[in-house]
Student: 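Sending over a structure as C-alpha cells; questions will come in a sec.
The figures that follow rest on heavy atoms only: side chains count, while hydrogens, waters and symmetry mates do not.
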Amino acid sequence: SEEEYAEIVSLVSRLINFYYFGLAVGIPFEPYPVYKSKEAEKSKLKELKNEGAWLRTLPFDTDEGRLVYKNLQAPFIFRAVSQAPKEAISIIELANVQYLPAMQMQNLNFAYSDKFPRPFIELVAGRTSSINECFYWTTAHTVLLRESSKANKLFIPIELVTKRKNDGDTSKYDLLADFADVVISGDSNTINEHRNLISNHYGVECVVEASANIGLFSMLDRIANATGIVLETPMLEASKDFRHDLKINQYKSAKNSLG
C-alpha cells in the first residue's frame, strides 16, 4: 500500500542518515538491534490529496495537516511521507536539528554556529544532494547558497555544488565541499584525513555541523527521489539561470518537476 511504501522509504532513509553521520564524525558502528515485525502504521487520514508526487500527500492547509505539521506551512519534502504521519514528524524533527528550524528557512543569516554560517550549510548540503542527483534539493541548495552568500558577504561559487572532487580549479571552500564526496565514498582512511583537515582549518565544531548536513541530506535526497515530489514554483523560477549550465536538469529526478 501507499502507507507501507511511505513508511519503508522513511525508515530506510533515516538509517542512511545515521550511517553517513557516523562515518563522517568517526563514531564506531554498533550492530543494529533486531526488531520484531509489526504492522505498518495505519494513518487513517481523510484529507490526503494528489499534489503531484507519486504518493498522495497531506496538504498543510487542512485540519489534519495543521495537526501533523503543527501549523507549519510544510514544504513538499516534509509532506512526502505524510501517509505515515509519525515518520513525517520524525523527518521534520531531524531537519530542525541537523539543518535549520523550518521557520528559519528564509532567514539567510541564521545558523546554529557562527563558525559554520548559512553559506557553509548550503554548500555542504548542496554538494551532498548533487552527488545523490536529487533535483529537488540540489536546486534549492544552490539558490540558497547564492542568496545566503550575498547576505553573509562570502560569495562562495555556486559551481562548487556540482563540481566533483579533483575536477580542476580549486577555492578555499573546496575543503568543505569535498567532505561530502569523501564521506559518501565510504573510505574510512580518507574520511579520517579529511576530517582532520577540516578540524585544523575550521574547527571541530564545523566537522560536526558538516557531518550532520551530509547525514541529513543523504536521507532527504532519497525521500525526495523515492516519492517523486515536485520542486516548488518559486525555486524553479529562481534557478532558471543556472540549472542548465550546472547540468542539474539532466538528473533523472528532474522529470518529476520539469515533466
Student: For the residue pair Gln104 and Asn107, confirm or rule out a side-chain donor-acceptor distance under 3.5 Å.
Tutor: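 Judged by distance alone, the side chains do pair up.
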Student: Can you pull the salt bridge (charged side-chain N to carboxylate O under 4.0 Å, His left out) pairs that have at least one residue in residues 246-259, sequence neighbours excluded?
Tutor: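 The answer is none; no pair qualifies.
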Student: Please find the pair of heavy atoms, one from Ile158 and one from Leu145, that lie closest to each other, and give the distance.
Tutor: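 Reported closest heavy-atom pair: CA-CD2, 3.9 Å.
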Student: Donor-acceptor check, side chain of Arg195 to backbone of Ala24, threshold 3.5 angstrom: yes or no?
Tutor: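 Checked: pair present.
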Student: Are the side chains of Glu232 and Phe76 in touch, meaning some heavy atoms are under 4.5 Å apart?
Tutor: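 The answer is yes; the side chains approach within 4.5 Å.
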Student: Less than 4.5 Å apart, any side-chain heavy atom of Ser82 and any of Tyr69?
Tutor: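 Contact flag for Ser82/Tyr69 side chains = yes.
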Student: What pair of heavy atoms forms the shortest contact from Val81 to Ile91, and how long is it?
Tutor: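 Looking at all heavy atoms of both residues, the shortest contact is CG2-CG1, 4.3 Å.
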Student: Do the side chain of Asn132 and the main chain of Cys134 share a donor and acceptor less than 3.5 angstrom apart?
Tutor: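 Such a contact is absent between Asn132 side chain and Cys134 backbone.
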Student: Establish, from distance only, whether the side-chain atoms of Glu3 and Gln83 form a donor-acceptor pair under 3.5 Å.
Tutor: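 The criterion, which ignores hydrogens and geometry beyond distance, is not satisfied for Gln83 and Glu3.
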Student: Just list the side-chain donor-acceptor pairs under 3.5 Å for residues 203-217, sequence neighbours left out, or say none.
Tutor:
unit_1	atom_1	unit_2	atom_2	d
Glu205	OE2	Ser113	OG	2.6
Ser211	OG	Val207	O	2.7
Asn213	ND2	Gln98	O	2.9

Student: Has the side chain of Asn109 got a donor or acceptor atom that lies under 3.5 Å from a matching backbone atom of Arg118?
Tutor: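 No; zero donor-acceptor contacts below 3.5 Å.
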Student: Just verifying a value: how many Å separate Asp174 CG and Lys163 NZ, rounded to the nearest 0.5 Å?
Tutor: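 With rounding to 0.5 Å, CG (Asp174) is 4.0 Å from NZ (Lys163).
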Student: Can you find a heavy atom in the side chain of Phe242 that is under 4.5 Å from one in the side chain of Asp245?
Tutor: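 In short, these two side chains do not touch, never coming nearer than 4.5 Å.
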Student: Can a donor-acceptor pair be found, under 3.5 Å and without considering hydrogens, that links the side chain of Arg127 to the backbone of Asp181?
Tutor: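 Looks like no, no N/O pair under 3.5 Å.
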Student: Describe, in one word, how the ring planes of Phe120 and Phe116 are oriented to each other, choosing from parallel (under 30°), tilted (30 to 60°) and perpendicular (over 60°).
Tutor: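 Phe120 vs Phe116 ring planes: perpendicular.
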Student: Say whether Ser130 and Tyr251, considering side chains only, have a donor N or O and an acceptor N or O under 3.5 Å apart.
Tutor: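 Tyr251 and Ser130 do have a side-chain donor-acceptor pair below 3.5 Å.
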Student: Ring centres under 6.0 Å, that's the criterion: do Phe110 and Tyr112 meet it?
Tutor: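 Centroid distance Phe110-Tyr112: below 6.0 Å, so yes.
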Student: Keeping Ser257 on the side-chain end and Ala254 on the backbone end, is there a donor-acceptor pair under 3.5 Å?
Tutor: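 Side chain of Ser257 to backbone of Ala254: no pair is present.
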Student: In plain terms, say whether Arg79 and Glu51 are close enough for a salt bridge, that is, a side-chain N and a carboxylate O under 4.0 Å apart.
Tutor: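 Salt bridge present between Arg79 and Glu51.
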Student: Answer yes or no: is there a donor N or O on one side and an acceptor on the other, between the side chain of Glu122 and the main chain of Thr142, under 3.5 Å?
Tutor: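 No: the side chain of Glu122 does not pair with the backbone of Thr142.
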Student: Check whether Thr57 reaches the backbone of Ala53 with its side chain - one donor and one acceptor, N or O, closer than 3.5 Å.
Tutor: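 A pair under 3.5 Å: no.
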Student: Look only at the side chain of Glu87 and the backbone of Ala6, and say whether a donor-acceptor pair between them is shorter than 3.5 Å.
Tutor: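 Absent.
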Student: Rounded to the nearest 0.5 Å, how far apart are CG of Leu175 and CD1 of Ile198?
Tutor: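 Interatomic distance, Leu175 CG to Ile198 CD1, rounded to 0.5 Å: 5.0 Å.
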Student: Using 4.0 Å as the upper bound for N to carboxylate O, is an ion pair formed by Asp61 and Arg66?
Tutor: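 Salt bridge flag = no for Asp61 with Arg66.
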Student: Could you check whether Asn17 and Arg14, counting side-chain N and O atoms only, form a donor-acceptor pair closer than 3.5 Å?
Tutor: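 No.
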Student: So, Asp221 side chain and Glu133 main chain: donor-acceptor pair closer than 3.5 Å or not?
Tutor: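 No, because the side chain of Asp221 does not come within donor-acceptor range (under 3.5 Å) of the backbone of Glu133.
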Student: Under a 3.5 Å threshold, yes or no: a donor from one side chain and an acceptor from the other, between Arg243 and Asn249?
Tutor: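 Asn249 and Arg243 do have a side-chain donor-acceptor pair below 3.5 Å.
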Student: Quick check: does any side chain N or O of Ser149 sit under 3.5 Å from a backbone N or O of Leu154, one acting as donor and the other as acceptor?
Tutor: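 No.
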